[in-house]
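See structure below.
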There are 2 protein chains.
Amino acid sequence: MTSFPELDATPVLVVDTDVLDRNLTRMAESAAARGLALRPHVKTHKCVEIARRQLDAGARGLTVATVSEAEVFADAGADDLFVAYPLWVDAARGARLRALAGRVRLTVGIESAAGARALATHAGTGAGVLVEIDSGHHRTGVPPERAGDVATAARDAGLDVVGIFTFPGHSYGPGVPPRVAAEESAALTAAAASLRAAGTEPSVISGGSSPTALIEVRTDATELRPGVYVFGDAQQLELGAITERDIALSALATVVSARDDVLVLDAGSKILGADRAPWATGYGRILGIPDARIVALSEHHATVRWPTESPRPGLGDRVRVVPNHACNAVNLVDELVAVSGDVVVGKWAVAARGCNT
Amino acid sequence: MTSFPELDATPVLVVDTDVLDRNLTRMAESAAARGLALRPHVKTHKCVEIARRQLDAGARGLTVATVSEAEVFADAGADDLFVAYPLWVDAARGARLRALAGRVRLTVGIESAAGARALATHAGTGAGVLVEIDSGHHRTGVPPERAGDVATAARDAGLDVVGIFTFPGHSYGPGVPPRVAAEESAALTAAAASLRAAGTEPSVISGGSSPTALIEVRTDATELRPGVYVFGDAQQLELGAITERDIALSALATVVSARDDVLVLDAGSKILGADRAPWATGYGRILGIPDARIVALSEHHATVRWPTESPRPGLGDRVRVVPNHACNAVNLVDELVAVSGDVVVGKWAVAARGCNT
């Protein structure tokens, strides 16, 4: 495995641009073949260069999680942004939304009558709204049959109700994505009916998570918003949503300690993130060594149990670690190292890193 | 509870400077009363203003985790730095260490003969070394009785062996800190004997984690290196190492969704970190509401089960969330908001944020 000798310090996050482009193309083609608009979630990469590639591959617009992410991508020239979050809007955030709506096509999430009124009061009515529904993840969003009530309240507040959205986050479990994709589709269908019964024809019916986005189901959805698919990560791998050759993001790390079958790497939670789902095999995976297990993680140490049948790297050797959750890993660094094969081809700023507000 | 209306967006990390100063003073006084030098680990705060307060309160020098953290604090005027990590030194890192050793009193960790030789070859002999020993955490470091072997190899490579260090990270478990403090002390004593038998008198015998640093044990240690004690966090609270009035760091967050006994806040893993030890009650704690539980965490959502006996905040209200692990939370933001009581008194840059190399 290449160790990128021209990179003179580890740990750093490396993006394999060949894999990245293949991932972008596959999702774009799958969405197009099903007649679905693709609006990728850029919280995963926070990176202008990758957003441009997504738009060039046919994305309709971009999804963001926060107003500050929207501001970064608007500054970079994106002209169609959806804030997929049930924003609570006060005067300060309202002023920022008003400014954004003046320069891009802006849509934001709402999930309550009170939230709709706060949005209209403080941000005006320049942004379209999508009503968030709960398709089974039980985080935010109203039950599908209540979407019409929220839409009516929003319309009464003067807002332009464009449609509905959901995030089927309960797709993050082994073996469940096909069932969750069906639940999501049923929930979107029920919510669309609720909107129509309340007198609003939804033009956008938006769903999709990376584990479910490529699953073909009968759906009323018009739009997909996957995020992680650009990079893949150890969670997607262990869910069976991807294979190792779909993984574009890894941390290049150095072996700093070795004893018996255990190695310690210099990549810890400050570059991989501390995410570990209950069903995960460890704190990430070692690229190319499927039976290695990251059994402990500190801020600057990954403790790896190395399989006896694989040649063991020595002190100072480099290996590549796949984070469990790409979105949180990328948010820890200021730049991504773009590579093609063995060659470093660029450094990409994580332009929206830390944009939490 | 104050909601800091002059802060116009959430989530942000807030430092209560009154609690911070009390924490600094207590640790400094405890170390002084026991005749121990205090060399706090600045990876927790990465913040020049807080390091200055630690030095003003009597700290002997600073501990860092990486060479790039050392560079930031040297630039800020610190003149005595210990890199508490078994560095693997190649030509590029060696040149950086050589430059650092030319302008500050520098000490670094080693744990192998090969590591010692690589250090001497690439960085020269300007930095002192401490041999890392394993006091039971089983991450890095040699067994105490082998410290002398590593010291001899280092001396043969021309290095100045100053002493030994350990991190008793196995103190992070409910009820175990007193036992671990005793184990750490025994390991340091055994390692010091091993060094002496190899002909090196250790002038620095360094230990200490925040859960064990205030525990009085009979010890041969000369130095303590706690980090988290400045802020406290939900882990220290749940370990019983501190009480809620010792918590200086929290994320100011807004209620964005409310149903029945569940609230959703806008603080998620991108400001709190995703750390959750197996023994933790949740993904952090709500300041002032000990029976609230953060039952789920996404990147921008904390799902909180609110106790029925406590008045429930409404949409748009602000609450303060205590991260599980302060070090990883601070590394997610560019600045900390310093407050005293209800008043914002400053913004402190997280100067060494993202310094992983």
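Within every chain, numbering begins at 1; the chains are lettered A, B, ... in the order of the sequence lines, protein sequences first and strands thereafter. Keep in mind that what you see is a predicted model, and the values were worked out from it rather than measured.
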key: Interface residue of largest heavy-atom contact number with chain B, from A:Thr303, A:Asp266, A:Val333, under 4.5 Å   =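 Heavy-atom pair counts peak at A:Asp266.
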task = For each of A:Val142, A:Val264, A:Asp275, A:Thr10, tally heavy-atom pairs with chain B at distances under 4.5 Å, and name the one with the top tally.
result =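 Of A:Val142, A:Val264, A:Asp275, A:Thr10, A:Thr10 has the most heavy-atom pairs under 4.5 Å with chain B.
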Rounded distance (nearest 0.5 Å) linking atom [atom1] of [X] with atom [atom2] of [Y]:
| X | Y | atom1 | atom2 | value |
| --- | --- | --- | --- | --- |
| A:Thr357 | B:Ile271 | OG1 | CD1 | 9.0 Å |
| B:Leu332 | A:Asn328 | CG | CG | 7.5 Å |
| A:Asp90 | B:Thr254 | CG | OG1 | 7.5 Å |
| A:Trp88 | B:Leu315 | CH2 | CG | 5.0 Å |

Flag if over 12 foreign heavy atoms under 6.0 Å of CZ, B:Arg293 =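 Atom CZ in B:Arg293 is crowded, with more than 12 foreign heavy atoms closer than 6.0 Å.
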ask   = Is B:Arg312 atom CZ crowded by more than 12 heavy atoms from other residues, nucleotides or ligands, each under 6.0 Å away?
value =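 Check passes, neighbour count above 12.
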Region of [X] that comes under 4.5 Å of a non-hydrogen atom in chain B:
| X | answer |
| --- | --- |
| A:Ser68 | neither |
| A:Val256 | both |
| A:Ser269 | both |
| A:His138 | both |
| A:Ala114 | side chain |
| A:Arg259 | side chain |

query = Of the listed residues (B:Ala296, B:Ser298, B:Gly268, B:Gly141), which shares the most heavy-atom pairs with chain A below a 4.5 Å separation?
reply =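 Top count of heavy-atom pairs under 4.5 Å with chain A: B:Ser298.
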ask   = Looking at B:Gly354, B:Gly316, B:Pro86, which makes the most heavy-atom pairs under 4.5 Å with chain A?
value =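 Heavy-atom pairs under 4.5 Å are most numerous for B:Gly316.
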side-chain hydrogen bond (donor to acceptor under 3.5 Å, both in side chains) involving B:Arg93 - partner list, sequence neighbours excluded =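 None.
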message = Quick check on B:Val255 against chain A: is it the side chain, the backbone, both or neither that has a heavy atom closer than 4.5 Å?
response =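 The backbone, not the side chain.
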request  = Mind checking side chain to side chain contact (heavy atoms under 4.5 Å, CB included) for A:Asp8 and listing every partner two or more places apart, or none if nothing turns up?
outcome  =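 A:Asp8 satisfies side chain to side chain contact (heavy atoms under 4.5 Å, CB included) with B:Ala92 once adjacent residues are dropped.
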request  = Mind listing the closest non-hydrogen atom pair of A:Lys270 and B:Lys43 along with its distance?
outcome  =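 Closest heavy-atom pair between A:Lys270 and B:Lys43: NZ-O, 3.1 Å.
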inquiry  = Is there a side-chain contact between A:Glu299 and B:Asn331 in this structure, where contact means two heavy atoms from C-beta onward sitting under 4.5 Å apart?
reply    =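 Not in contact.
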ask   = Under 30°, 30 to 60°, or over 60°: which ring-plane class applies to B:His300 and A:Tyr85, parallel, tilted or perpendicular?
value =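 Rings of B:His300 and A:Tyr85: perpendicular, as their planes differ by over 60°.
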query = Only one of B:Glu132, B:Arg139, B:Glu111 forms a side chain to side chain donor-acceptor pair (under 3.5 Å) with A:Ser257, so which one is it?
reply =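 Looking at B:Glu132, B:Arg139, B:Glu111, the match for A:Ser257 under the side chain to side chain donor-acceptor pair (under 3.5 Å) is B:Glu111.
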